[in-house]
Student: 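Sending over a structure as structure tokens; questions will come in a sec.
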Amino acid sequence: ESEVRYCNCLTAGERWEQLLDESLFPGTITAPETAIHVDVLKHFDILCSTSKLAAMDFVRTLRQVTNNAFPAKVPDFEKLFRRVVRIWRMLQMRKRAGEFHGIQTKVDLLGQYFIALKCPACPHLGINISIEELVAIIKSGDLYVLLASSFIHTFTLVRHKAMLYLSGDGNYHQPLKKKINDKDDIQFMAVFHAFVEAFDAYSKELKAELENNSTCANLKAAKLQNFIKFKNFIVSGIVAFKCARHDFFLPGAVVDLHRGESFAYTDFAFRQALEPYKDYPLISACYDIACQYCKKIVPRFEKSFSDFVDTVKRIRYFTPKLHAHGHTDFCRYQYALDFADHVGRTHGERIESCWAEANLAGPSTSEMNPGHRRDTLASHFNGWNYRQLIQLASFLGKSIVSARKMRDEKAKQFKELAESMGHARIDEWSKLSTMPVVKNGDVTSVFKPKTYRGKHVPSLDAIEKRLQSSTTVIAKVKSATRTSVKFLSDGMKLETALKRLKHKKKKDYISARVKSELEEEAMRLRETVKSWRHDQALFMPEFNKIRALRMNTDIEDEVLLMPSQLPPESREYSWFPIFQMVELELRKGQANEAISGLRTALKYRASTSSRRRKVVHGNASKTRAMGVSESADLLVKHRVSTYRHARKAMLSLGLDAKDKAFPPLRDEDVRVNNPYQYKKLGSGKQLDSWIWTMGPRGEIAEDEEDEWEEDGTSSLSPFLI
């Protein structure tokens, strides 16, 4: 506390003006009794923006610093401080937006102005790109050039430089609790949230339906979303649009969610983001569920935003690269950025980078009044934009140095690949369209590996069928119920059934009904093993006595004694080489099926990740979600166990341990980039597991072999250019 004497001269100005002249921000305008130094406000603004410190904690800290022994003796000015900070932030954002030419034109439905920094690196007609330059880019087209040994074409691919990239995402860590609010509280400024009147005018004419029930089979997250009940929240979260390349929040493009991530809310935020670019011809938009969102976007905009229909029609929609792993192949080849033209190396995931920081403010903003919450979030988001702005030059400089280096490396690799393909193939490929085509419920793309005879790799059944027709295989022995190939194939399947039964019996609690079912299953397997042992005695007579079925042994512990399980001293019999060859081929098919199934299981598990379960409320919903997740975990473990068992058997049968077609499956190899979990440090530099890129070619005819090689090579092209 200190005494303040005001100047009473006629030209001195009002008291609040005199305080401001001395860098003191008054608590009130009429009769200020308390003032806060501008340096304190600046300090708190930066501290809050970077660490999300609450005003209450900051004031408590100042009081304790002032009098550590008796902080209660220091006046508590928390309420006044919160009020001053809100006004200070509004003035700062107006000042900052004006300095950096960030004041936008009318954006929302009521013609409100938004005060926010806009991205200077995105295309802005008349500022960093002229209409003449844009027209020239569109008219010139893009020339794709393949490099071969005797012909190297120069080409210009510039459309991606003039492309506007937008990215949208929902965030459920920014809710607002249902409580008694101050009815006089208002939103001071329209920065990223539109004024509530603007959204109310839109929502009155539209009944927002939760229409994002995904038809994408691998997007189970949408299924889990339907378990959520926001009974204790007025606002369940936010949906926002940002500049996808430079990570700037867009003015007016943040909308509060009230009943989940409905497309009605996303449409409003998208419309706000598009306002300054209504007539811009080159726009790409990324959204984690773009495959569903864009299906009916034109009818929705015809109903609500008819003046933007032409705009949304010419926009290209994509799923971010990391999220694409959670989609089916039908979606990926249509919407994944990896297979798209004119997008450069855009990954579409930058909108996720700010959520981890912004979510730190969630516990405090969820307790605020609605207007105060929007103003606080606006300050956080504007602070984020400002930090992106001041480091933009450095970021772009490092990016272009890295891009040039990578371009040279990729061009060299691409040239070597093109030279190895020959002129005829290069000429043929250069005529192909890279656009995906949907026909008869399936999607075709030049980047999609073809399916030969319905299989990518040889399955167990396919190899069994091929071996049955081979003249080198032992024919059916008299009195045997099956051929030698069928005998070994059934033995492998029987192994799996016995393991499954053993796993079921290991559960901590088994009800009487399940116990009865397991006993019946054990009896059936015992009879099956007995029948299989009968043929084993005929094909492998030396083991007739030592491997007779032991009726007093639990059937799930029975060792079948396949050729791969024989000790070295028992491999000298005349029948062993043929059985060794047959089982080795069958095990390869088993391993192929296991890896293919593991990929599907990992995608399924990723879509039911623990991060999504955190927002599921209620015992019934939690139990159901946990059951889905546990089933996915068991499926992954089963596929891993099957592959490892098959590889162990193949090594026993003579497979080279360094065989690249069947490498060892380590725990760290069992992974997929999960869009529903926070990224770990260094994950951006981590290579994909070999299970997504390696594996044998499969059973194809000789005349298809060259085509398979070409197809596998051409599928690499989006990652080389």
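The structure displayed is predicted, hence computed values, not measured ones. Only this structure's heavy atoms are used, side chains among them; waters, hydrogens and symmetry mates stay out.
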Student: Report yes if the side chains of V640 and D667 come closer than 4.5 Å at any heavy-atom pair, otherwise no.
Tutor: no
Student: What pair of heavy atoms forms the shortest contact from P563 to L488, and how long is it?
Tutor: CD-CD2, 3.7 Å
Student: Taking only residues two or more places apart in sequence or in another chain, which ones pass side chain to side chain contact (heavy atoms under 4.5 Å, CB included) with T444?
Tutor: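 In terms of side chain to side chain contact (heavy atoms under 4.5 Å, CB included), with neighbours along the sequence ignored, T444 is linked to V437.
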Student: Which heavy atom of A240 sits nearest a heavy atom of I351, and at what distance?
Tutor: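 Taking every non-hydrogen atom into account, O-CD1, 3.5 Å.
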Student: For S641, does its backbone N or O pair with a side-chain atom of R644 as donor and acceptor, under 3.5 Å?
Tutor: no
Student: Is there a donor-acceptor pair closer than 3.5 Å between any side-chain N or O of Q536 and the backbone N or O of L561?
Tutor: yes
Student: Side chain to side chain contact (heavy atoms under 4.5 Å, CB included) between F447 and D338: does it pass, once the steps are laid out?
Tutor: CA-CA 10 Å; F447 303 121; D338 278 327; over 6 Å; no
Student: Evaluate the criterion side chain to side chain contact (heavy atoms under 4.5 Å, CB included) for residue pair H160 and V343; output intermediate values, then yes/no.
Tutor: CA-CA 5 Å; H160 69 281; V343 296; 5.8 Å; no
Student: With a cut-off of 6.0 Å (strictly less than), are more than 12 heavy atoms of other residues, nucleotides or ligands near NZ of K505?
Tutor: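 Correct, the count exceeds 12.
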Student: Between F662 and N592, which heavy-atom pair has the shortest distance, and what is it?
Tutor: CE2-OD1, 3.5 Å
Student: Working note: L634 + H638, criterion side chain to side chain contact (heavy atoms under 4.5 Å, CB included); need CA distance, chi angles, decisive distance, verdict.
Tutor: CA-CA 6 Å; L634 290 176; H638 170 67; over 6 Å; no
Student: Do the charged groups of R587 and E495 touch, with an N to O distance under 4.0 Å?
Tutor: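 Looking at E495 together with R587, the answer is yes, because their closest N to O distance falls below 4.0 Å.
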Student: Hey, mind stepping through T434 and F339 against side chain to side chain contact (heavy atoms under 4.5 Å, CB included) and telling me if it holds?
Tutor: CA-CA 8 Å; T434 58; F339 309 112; over 6 Å; no
Student: Within this structure, what is the CG-CD distance for the pair L501 and E558, rounded to the nearest 0.5 Å?
Tutor: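 So the CG of L501 and the CD of E558 are separated by 12.5 Å.
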Student: Mind listing the closest non-hydrogen atom pair of S353 and D247 along with its distance?
Tutor: OG-OD2, 2.8 Å
Student: Hey, do the aromatic rings of F263 and Y293 have their centres closer than 6.0 Å?
Tutor: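 Yes; Y293 has its ring centre under 6.0 Å from that of F263.
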Student: Using atom types as modelled and distance alone, determine if a side-chain donor or acceptor of D669 lies under 3.5 Å from a backbone N or O of R666.
Tutor: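 Yes, the answer is positive, given that a donor and an acceptor are paired below the 3.5 Å cut-off.
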Student: Please report the interatomic distance CD(E556) to CZ(R526), rounded to the nearest 0.5 Å.
Tutor: 8.5 Å
Student: Can you confirm whether K321 sits close enough to R345 that some side-chain heavy atom of one is under 4.5 Å from a side-chain heavy atom of the other?
Tutor: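 Yes, close enough: below the 4.5 Å cut-off.
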Student: Over 60° means perpendicular and under 30° means parallel, so tell me whether F579 and F487 are parallel, tilted or perpendicular.
Tutor: perpendicular
Student: If you compare all heavy atoms of S284 against all heavy atoms of F318, which two are closest, and at what distance to 0.1 Å?
Tutor: OG-CE1, 3.7 Å
Student: Can you check whether A657's main-chain N or O pairs, donor with acceptor, with R647's side chain at less than 3.5 Å?
Tutor: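 Side chain of R647 to backbone of A657, a donor-acceptor pair under 3.5 Å: yes, one is there.
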Student: Is there a salt bridge (Lys or Arg N to Asp or Glu O under 4.0 Å) between R425 and E428? Walk through the geometry before answering.
Tutor: CA-CA 5 Å; R425 290 193 183 105; E428 180 183 354; over 6 Å; no
Student: What's the spacing between C286 SG and K242 NZ if we round to 0.5 Å?
Tutor: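 It is 13.0 Å, given to the nearest 0.5 Å.
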Student: Please list all pairs meeting salt bridge (Lys or Arg N to Asp or Glu O under 4.0 Å) that have one or both residues in residues 511-525, counting only residues at least two apart or in different chains.
Tutor: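 Of all non-adjacent pairs touching residues 511-525, those that pass salt bridge (Lys or Arg N to Asp or Glu O under 4.0 Å) are K504-E521, R513-E517.
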Student: Just how far is it from atom CG of D535 to atom CH2 of W532, taken to the nearest 0.5 Å?
Tutor: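 Between atom CG of D535 and atom CH2 of W532 there are 9.0 Å.
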Student: Does R533 use its side chain to pair, donor to acceptor, with the backbone of L560 at less than 3.5 Å?
Tutor: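 Yes, the answer is positive, given that a donor and an acceptor are paired below the 3.5 Å cut-off.
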Student: Do the side chains of R245 and R350 get nearer than 4.5 Å, heavy atoms only?
Tutor: no
Student: Side chains of R332 and S445 only: does a donor on one sit below 3.5 Å from an acceptor on the other?
Tutor: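 Not at all, the side chains of R332 and S445 share no donor-acceptor pair under 3.5 Å.
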Student: Counting C-beta onward and ignoring hydrogens, is there a side-chain heavy-atom pair between S484 and W575 closer than 4.5 Å?
Tutor: no
Student: Is there a donor-acceptor pair under 3.5 Å between the side chain of S236 and the backbone N or O of L257?
Tutor: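 Yes, because the side chain of S236 sits within donor-acceptor range (under 3.5 Å) of the backbone of L257.
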Student: Give, for atom OG1 of T642 and atom NZ of K499, the distance between the pair rounded to the nearest 0.5 Å.
Tutor: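 Between atom OG1 of T642 and atom NZ of K499 there are 6.5 Å.
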Student: Are the side chains of D169 and W355 in touch, meaning some heavy atoms are under 4.5 Å apart?
Tutor: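 Answer yes - side chains close enough.
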Student: What I'd like to find out is whether the side chain of R571 reaches to under 4.5 Å of the side chain of S652, using heavy atoms alone.
Tutor: yes
Student: Given 3.5 Å as the limit, does a donor-acceptor pair link the side chain of H323 with the main chain of Y287, or not?
Tutor: no
Student: If you take all heavy atoms of H327 and I289, which pair is closest and at what distance?
Tutor: CE1-CA, 4.4 Å
Student: Is it the case that the side chain of Q590 and the backbone of L586 share a donor-acceptor pair, with hydrogens and angles ignored and the cut-off at 3.5 Å?
Tutor: no
Student: Return the CD to CG distance between E585 and L653, rounded to the nearest 0.5 Å.
Tutor: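 Interatomic distance, E585 CD to L653 CG, rounded to 0.5 Å: 10.5 Å.
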Student: When you measure from the side chain of S564 to the backbone of A649, do you find a donor-acceptor pair of N or O atoms at a distance under 3.5 Å?
Tutor: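 It does not hold such a pair.
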Student: With sequence neighbours left out, write down each residue that passes side chain to side chain contact (heavy atoms under 4.5 Å, CB included) with M435, or none if nothing qualifies.
Tutor: D341, S433
